[in-house]
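Numbering of ligands and ligand atoms starts at 1, following listing order.
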Amino acid sequence: MKVRKAVILAAGMGTRMLPASKVIPKEILPVVDKPAIQVVVEEAVASGIEEIILVLSPGRTTVLQHFQSAPELERLLEQRLKHDLLDIVRHTNRLARFNTAHQHEPLGLGHAVLQAREAVGDEPFAVILPDDIFDGPRPCLRQLLDIAETEDAPVVALLRVPPSEISKYGIVAVKTVRPRLHQLIGMVEKPPLDQAPSDLAIMGRYVLTPDIFPLLAAGKPGAGGEIQLTDGLLALSARRKLYGYEFEGERYDLGDRVGFLTAQIGFGLKRPELADRLRAYLKTVLSS
Ligand code: G1P
């Protein structure tokens, strides 16, 4: 299967990052100096995606604005001969083709995906949760697309999590195909530890087929009273083979305060111009 479109779900209320997310959508909060939404759009583009569909909540246009031209700023940078900065700004305007869909009420992730149905049409597509960001040898989404292409089937990202984390995620039951690759035979959204079918949790990258849309549309509210994407996946797995892939690389949860901080450090240390000072600072605080 060839996947051209990625749906990025950016309509969440961001309650886990209040008060930072009171006025600014949490997707605009930075990883070092780049909004999280840009980090994931770049991952999608590096994975071969051609069109981005942003699912937004009404009135929160900042997320889209970030990828549109900023004529005043660009003129000013041009006048002042700040060509490096101009390149940084213009890079964001040219990253991909964008389309939007709106989620008017926060009725769950499955419901958010459903809002992109028209924009996606009748073709396979990727789903990205911008709270989850990855760092590794190859973009996480590219790793999933490779599996989707060779198996000609939908696939989700998986990560083993410790017992204390199980009830935060969609947890899957699997039949292992080969190291890292599993067929999904069951799944449950945010189970209590004693009801979890494994320690393999779904992370925020999915490659899906359009036959999930009617299943989401028919879905009843699940965990937390919301239309869950995980329930849609379970229905899909009853109809066709669905895979999970334990991606290679590091994952950060930007919706969690410690995850947010470790992402700043992890990505900061990868920047040659920042790494030495950051490392020196970390040494001092850790030894005091
Ligand atoms: C969502 C999904 C869950 C998944 C998680 C990954 O939960 O519902 O299945 O494991 O993202 O980050 P949320 O973080 O929106 O509560």
When you compare the side chains of His66 and Gln38, does any donor N or O come within less than 3.5 Å of an acceptor on the partner?
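Present: a donor and an acceptor within the cut-off.
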
Assess, by modelled atom type and distance only, whether the side chains of Gln115 and His102 contain a donor and an acceptor separated by less than 3.5 Å.
no

Quick check: Gly204 and ligand 1, any N/O pair under 3.5 Å apart?
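N/O-N/O distance below 3.5 Å does not exist for this pair.
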
Considering only protein heavy atoms, which is closest to [atom], and at what distance to one decimal place?
atom                    : answer
atom 14 (O) of ligand 1 : Arg16 NH2, 4.2 Å
atom 11 (O) of ligand 1 : Leu129 CD1, 3.3 Å
atom 8 (O) of ligand 1  : Glu189 OE2, 2.7 Å

Contact atoms of ligand 1, heavy-atom distance to [X] under 4.0 Å:
X      : result
Asp132 : 6 (C), 12 (O)
Leu109 : 1 (C), 2 (C), 8 (O)
Lys190 : 7 (O), 8 (O), 13 (P), 16 (O)
Thr230 : 9 (O)

Arg117 and Ala217: which non-hydrogen atoms are nearest, and at how many Å?
NH1-CB, 4.1 Å

Kindly give the heavy-atom pair with the smallest separation between Leu274 and Gly268, and that separation in Å.
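That would be CB-O, 3.9 Å.
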
So for Asp131, does at least one of its heavy atoms come nearer than 4.0 angstrom to any atom of ligand 1?
no

Are any of the side-chain nitrogens in Glu246 or Arg160 under 4.0 Å away from the carboxylate oxygens of its partner?
yes

Proximity winner for atom 6 (C) of ligand 1, if only heavy atoms of Ile202, Asp253, Leu254 are counted:
Ile202

For Gly224, is there any backbone N or O sitting under 3.5 Å from a side-chain donor or acceptor partner on Lys190?
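Pair absent, no side-chain N/O of Lys190 close to backbone of Gly224.
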
Counting neighbours of CZ on Arg239 that are heavy atoms of other residues, nucleotides or ligands and sit closer than 6.0 Å, is the number greater than 12?
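At most 12 heavy atoms, drawn from other residues, nucleotides or ligands, come within 6.0 Å of this atom.
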
